[in-house]
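These numbers were taken from a predicted model, which means no experiment stands behind them.
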Amino acid sequence: MSQRPLRVLSLHGYRQDGVSFREKTGALRKLLKKQVELVYMTAPHHVTRVCSAGGANGPEANGGASGPVSGAGEGSGGPDPRGWWFSDVEGRSFSAQQRCGESLGLEESLAAVRAAGEDLGPFDGVLGFSQGAALVAVLCALQERHPDPPLRVRFAVLVAGFRSACEGHRGFYGAPLGVPSLHVFGLDDRVIPDAMSRELLPLFREPAVMEHPGGHFVPASSTHRPTYQDFLSRFL
């Protein structure tokens, strides 16, 4: 008897939207099509300010594609660039390395995730890329510590994730979380260095890890299939 695929809410990176992230993760959808149905949503905050690549409002590199993309620079994420929160409150921009006292927009994003869960769910898991993966860590913390979390899932996949540098988010990073997690990061990632992604590992109990030699993207070649499948098979 065939099993239904796992339904996974997918959260894009900064300066992307749900449509562009779906397009750029086509290889991942094909790789896991027998196990997973990826459901995409779009962050609520428009990103309007354009800065030089790699700056405070820099792009998510190739936007989560399964390999390097030529010419994927500033603004290449999609026609309607969005973000989950801003580290620069006045400038309405974001950098993973920017330390700040308070952020702007996280509460609205949590409300949007809650609405997606109610309208499109239920979901077995959640997957996030870059800023979306940072949001996944926050969602996992709320699931474990809040009586009415925005989302309840059985597992999480964090690709190029990181801890928020915002002082107001420190409360999300406490005792290790029990949500089963797979952490994926590139050893040549120039946007979110692998050292930043490794900082999330102690926040989860027994995290699974997939390293790849590439940069800032969602790996989805045949060599990555066994790791994804080994992790996901626990929930089928």
Q: Glu144 and Val179: which non-hydrogen atoms are nearest, and at how many Å?
A: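 Heavy-atom minimum between the residues: OE1-N, 3.8 Å.
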Q: Could you check whether any side-chain N or O of Gln131 sits under 3.5 Å from a backbone N or O of Trp85, counting only pairs where one atom can act as donor and the other as acceptor?
A: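 Yes.
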Q: Is the backbone of Gly161 close enough, under 3.5 Å, to the side chain of Ser197 for a donor and an acceptor to pair up by distance?
A: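 Yes, the answer is positive, given that a donor and an acceptor are paired below the 3.5 Å cut-off.
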Q: Out of His216, Gln97, Met196, which residue meets the side chain to side chain contact (heavy atoms under 4.5 Å, CB included) rule with Val191?
A: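 Checked His216, Gln97, Met196 against Val191; only one passes side chain to side chain contact (heavy atoms under 4.5 Å, CB included): His216.
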Q: Any chance the side chains of Tyr14 and Ser95 put a donor and an acceptor closer than 3.5 Å?
A: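 Note: Tyr14 and Ser95 side chains miss the donor-acceptor criterion.
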Q: What is the minimum heavy-atom distance between Pro213 and Asp188, and which atoms define it?
A: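 Looking at all heavy atoms of both residues, the shortest contact is O-CB, 3.4 Å.
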Q: Are the charged groups of Asp124 and Arg7 less than 4.0 angstrom apart, N to O?
A: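 So Asp124 does not pair with Arg7 through a salt bridge.
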Q: Please enumerate all residues that pass ring-ring contact (aromatic ring centres under 6.0 Å, His included) together with Trp84, with sequence neighbours excluded.
A: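 Applying ring-ring contact (aromatic ring centres under 6.0 Å, His included) to Trp84 gives His12.
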Q: Starting at CG of Leu38, measure out to CZ of Arg22 and round the result to the nearest 0.5 Å.
A: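 Going from the CG atom of Leu38 to the CZ atom of Arg22 covers 9.0 Å.
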Q: Look at the side chain of Ser93 and the backbone N and O of Asp88, then say whether any donor-acceptor pair between them is shorter than 3.5 Å.
A: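 Between the backbone of Asp88 and the side chain of Ser93 there is no qualifying donor-acceptor contact (under 3.5 Å).
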Q: Compute whether any side-chain donor of one residue and acceptor of the other, for His224 and Ser221, lie under 3.5 angstrom apart.
A: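 Side chains of His224 and Ser221: pair found under 3.5 Å.
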Q: Quick one: closest heavy-atom pair of Pro202 and Pro176, and the distance?
A: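 Result for this residue pair: O-CG, 3.7 Å.
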Q: Find out whether Cys140 and Phe204 are in side-chain contact, i.e. whether some heavy atom of one side chain is under 4.5 Å from a heavy atom of the other.
A: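 In short, these two side chains touch, coming nearer than 4.5 Å.
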Q: Under 4.5 Å between side-chain heavy atoms, chaining through other members, with only Ile, Leu, Val, Met, Phe, Trp and Tyr counted: pull out the rest of the cluster around Val209, sorted by chain and number.
A: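 Members other than Val209 - counting any ILVMFWY side chain reachable under 4.5 Å - are Phe185, Leu201.
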Q: Say whether Val218 and Val19 are linked into one hydrophobic cluster, either directly or through other cluster members, by side-chain heavy-atom distances under 4.5 angstrom.
A: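 The answer is no; the residues belong to distinct hydrophobic clusters.
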Q: Got a second to check how far Leu232's CG is from Leu182's CG, nearest 0.5 Å?
A: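 Going from the CG atom of Leu232 to the CG atom of Leu182 covers 7.5 Å.
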Q: Identify the two heavy atoms, one from Val159 and one from Ala133, that lie closest to each other, and give their separation to 0.1 Å.
A: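 Answer, listing the atom of Val159 first, then Ala133: O-CB, 3.6 Å.
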Q: Hey, mind stepping through Ser20 and Asp17 against side-chain hydrogen bond (donor to acceptor under 3.5 Å, both in side chains) and telling me if it holds?
A: CA-CA 6 Å; Ser20 62; Asp17 59 23; 3.0 Å; yes
Q: Which residue, Phe235, Tyr228, Phe123, forms the ring pair (Phe, Tyr, Trp, His ring centres under 6.0 Å) with Phe155?
A: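 When ring pair (Phe, Tyr, Trp, His ring centres under 6.0 Å) is applied between Phe155 and each of Phe235, Tyr228, Phe123, only Phe235 qualifies.
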Q: Counting only heavy atoms from other residues, nucleotides and ligands, does the tally under 6.0 Å from CZ of Arg170 exceed 12?
A: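 Atom CZ in Arg170 is not crowded, with 12 or fewer foreign heavy atoms closer than 6.0 Å.
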Q: Considering non-hydrogen atoms only, spot the tightest contact between Tyr173 and Phe162 and give its length.
A: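 Minimum heavy-atom separation between Tyr173 and Phe162: OH-O, 4.5 Å.
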Q: Between His183 and Ser181, is there a side-chain donor-acceptor contact under 3.5 Å, judged purely by atom types and distance?
A: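 Note: Ser181 and His183 side chains meet the donor-acceptor criterion.
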Q: To check you understand the geometry: which heavy-atom pair defines the closest contact between Ala165 and Ala96, and what is its length?
A: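 Distance-wise, the nearest heavy atoms are CB-O, 3.9 Å.
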Q: Fit a plane to each ring of Phe172 and His169, take the angle between them on a 0 to 90° scale, and name the class: parallel (under 30°), tilted (30 to 60°) or perpendicular (over 60°).
A: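 It falls in the tilted class, 30° to 60°.
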Q: Any donor and acceptor pair, going by atom type alone, linking the side chain of His212 with main-chain N or O of Gly214 inside 3.5 Å?
A: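 Checking the backbone N and O of Gly214 against the side chain of His212, a donor-acceptor pair under 3.5 Å is found.
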